[in-house]
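Working notes for the structure below.
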Amino acid sequence: MADKKAQLIIEGAAPVELPVLSGTLGPDVIDVRGLTATGRFTFDPGFMSTASCESQITYIDGDKGILLHRGYPIEQLAEKSDYLETCYLLLNGELPNEEQKAQFVSTIKNHTMVHEQLKTFFNGFRRDAHPMAVMCGVVGALSAFYHDSLDIKNPQHRDISAMRLVAKMPTIAAMVYKYSKGEPMMYPRNDLTYAENFLHMMFNTPCEIKPISPVLAKAMDKIFILHADHEQNASTSTVRLAGSSGANPFACIAAGIAALWGPAHGGANEAVLAMLDEIGDVSNIDKFIAKAKDKDDPFKLMGFGHRVYKNFDPRAQVMKQTCDEVLAELGINDPQLELAMKLDEIARNDPYFKERNLYPNVDFYSGIILKAIGIPTSMFTVIFALARTVGWISHWKEMLSSPYKIGRPRQLYTGHTQRDLDK
Ligand code: CMC
């Protein structure tokens with residue numbers, strides 16, 4: 001609410017008075033919307049100082065390492081809730097009661113299959129295509145199949161699209177994996193939980209249905225919860241921006257998937273494993289730590305640091321615990337995982353990383369857990385996308401539920417002034 005004012009003094013011009021808005025938590029923001037009337041814009045590449053929207057879904061305090069979904073701390077959700085309950089919370093604002101949860105789970109299960117013809121899309125891709133490339137294409141193609149829920153002005157259509165996306169993402173992600181392996185795609189099984197069903201579609205085949213380990217299913221569910229939403233990050237902002245033009249939800253989520261793919265964002269969990277490969281052996285760690293500190297060397301320790309968390313990433317704390325549980329349960333003895341643990345220990349005690357508050361982030365441990373579960377590296381970001389879909393679609397729904405404008409940033413032009421062709 002606006003009860004304070006800020007004054008902007010511009011040399012040679014009259015002072016501009018700007019309202020200061022306060023949220024329920026977090027820093028006040030200066031409302032610069034009136035600035036265009038003075039013929040000026042703000043300049044903020046990377047949006048380091050810009051709140052792009054008002055939202056009631058997720059709150060992060062990066063200095064204190066706090067992450068709240070609809071007010072609930074992520075640690076409590078990871079311990080006491082499950083992914084589908086967290087989805088309900090993100091989408092609807094409150095945790096479901098028993099009846100609401102049963103109804104929600106049943107609706108999601110009703111939508112787990114994809115249109116049979118969607119399978120034919122896969123044949124257009126090379127088997128060795130990166131799974132994220134296939135995800136962008138196939139998820140974008142969903143709008144060609146579900147015409148009955150594309151009226152973005154209709155709240156029921158918006159709800160159905162949200163449910164469809166949450167329900168179908170594990171099926172599509174597993175189809176992407178099976179296609180890359182040349183194995184038959186597995187149909188979803190509605191007698192399983194969300195995480196169990198995903199592992200079933202990933203690892204079972206029509207000729208061998210193995211039981212799903214409860215420890216791995218629980219770890220998978222936690223990975224889904226911990227990636228469910230993270231306020232206005234690059235991919236969520238992309239979904240909002242695409243949605244602000246009136247694009248359909250499937251197209252918006254495909255845009256979010258594309259933005260997530262980059263190694264500075266969701267691609268980091270894959271990059272962590274690539275980096276461990278590059279380091280190769282514990283004896284090389286010191287050399288790579290030195291490279292990470294060297295400003296003339298582009299090498300960075302992947303899985304360390306965060307734009308918002310400058311203390312610790314609360315998701316990484318939970319993820320580390322899950323990682324320990326999974327490794328203990330599976331009794332894994334993998335030199336790459338040992339290397340990761342050693343790197344974690346060394347970087348945590350190194351003054352360069354301590355001074356800059358560069359802690360291992362969620363992607364550092366999720367990559368290790370996913371590897372231990374047997375998921376190939378190239379699928380890591382796909383799993384992030386699967387889990388984040390609910391966050392993206394919750395933000396999309398929130399934006400469409402109140403008045404909004406098309407996202408249209410301005411620029412500081414530093415190119416040529418007008419000139420004439422020399423002919
Ligand atoms: N390794 C070595 N140095 C680093 C690293 C790193 N991973 N991250 C930051 N620094 C240094 C950086 O060089 C700078 O040093 P100085 O102050 O001497 O110039 C200082 O730490 C501050 O970093 P920054 O680049 O200003 O921070 P940022 O907020 O712009 O970047 C980041 C955040 C996540 C892009 C960056 O830390 C990074 O590239 N990390 C590795 C990639 C990664 O793990 N990304 C996943 C993020 S978590 C998943 C998600 O939410 O998407």
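Predicted model only: the values in this text are computed from it and were never measured. Atoms within each ligand, like the ligands themselves, are counted from 1 in listed order.
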For the 3.5 Å polar cut-off, considering only N or O atoms, please tell me whether L301 and ligand 1 meet it. yes

Any idea which atoms of ligand 1 are less than 4.0 Å away from a heavy-atom of A268? 43 (C), 44 (O), 45 (N), 46 (C)

Nearest heavy-atom neighbours spanning M319 and Y365: CG-CB, 3.5 Å

Flag, side chain of N248 to backbone of L150, donor-acceptor distance under 3.5 Å: no

Distance alone, cut at 3.5 Å: any donor-acceptor contact between the side chains of Y194 and D82? no

Consider only side-chain N and O atoms of E231 and S55, and report whether a donor and an acceptor are under 3.5 Å apart. no

Does at least one non-hydrogen atom of N233 fall below 4.0 angstrom from an atom of ligand 1? no

Could you give the distance from CG (N284) to NZ (K291), rounded to the nearest 0.5 Å? 11.0 Å

For the pair Y146 (side chain) and R164 (backbone), establish whether a donor and an acceptor sit closer than 3.5 Å, ignoring hydrogens and angles. no

Atom 24 (P) of ligand 1 protein-contacted (non-hydrogen atom, under 4.0 angstrom): no

Of the protein's non-hydrogen atoms, which lies at the shortest distance from atom 36 (C) of ligand 1, and what is that distance? K300 NZ, 4.0 Å

Which is closest to atom 30 (O) of ligand 1 by heavy-atom distance: R315, R307, R356, K310? R307

Does the protein put any heavy atom within less than 4.0 Å of atom 42 (C) of ligand 1? yes

Donor-acceptor pair, K168 side chain versus V114 backbone, under 3.5 Å? no

Residue, atom name and distance, where the atom is the protein heavy atom closest to atom 15 (O) of ligand 1: K295 NZ, 3.2 Å

State whether any protein heavy atom lies less than 4.0 Å from atom 21 (O) of ligand 1. yes

For atom 40 (N) of ligand 1, the closest protein heavy atom turns out to be F304 O, 3.0 Å

Is R348 positioned over the aromatic face of Y359, cation under 6.0 angstrom from the ring centre and no more than 45 degrees off axis? no

Does G303 reach ligand 1 with a nitrogen or oxygen that is under 3.5 Å from one of the ligand's nitrogen or oxygen atoms? yes

In the protein, which heavy atom is nearest to atom 49 (C) of ligand 1, and how far is it? D363 OD2, 3.0 Å

From E231, E355, H265 - option closest to atom 50 (C) of ligand 1 by heavy atom: H265

Of the options H395, H265, R240, which is the one that meets S235 in a side chain to side chain donor-acceptor pair (under 3.5 Å)? H265

Note: Y352, heavy atoms under 4.0 Å from ligand 1, region reported as side chain

Using heavy-atom distances, let me know which of L260, L358, N361 sits nearest atom 8 (N) of ligand 1. L358

Would you mind checking which non-hydrogen protein atom is closest to atom 51 (O) of ligand 1, with the distance to 0.1 Å? H306 NE2, 3.1 Å

Can you report which non-hydrogen protein atom sits closest to atom 2 (C) of ligand 1, along with the distance? A292 O, 3.7 Å

Would a search of protein heavy atoms around atom 33 (C) of ligand 1 find one under 4.0 Å away? yes

Side-chain (D363) to main-chain (G303) donor-acceptor, under 3.5 angstrom: no

Distance in Å, L90 CG paired with L95 CG, rounded so as to fall on 0.5 Å steps: 9.5 Å

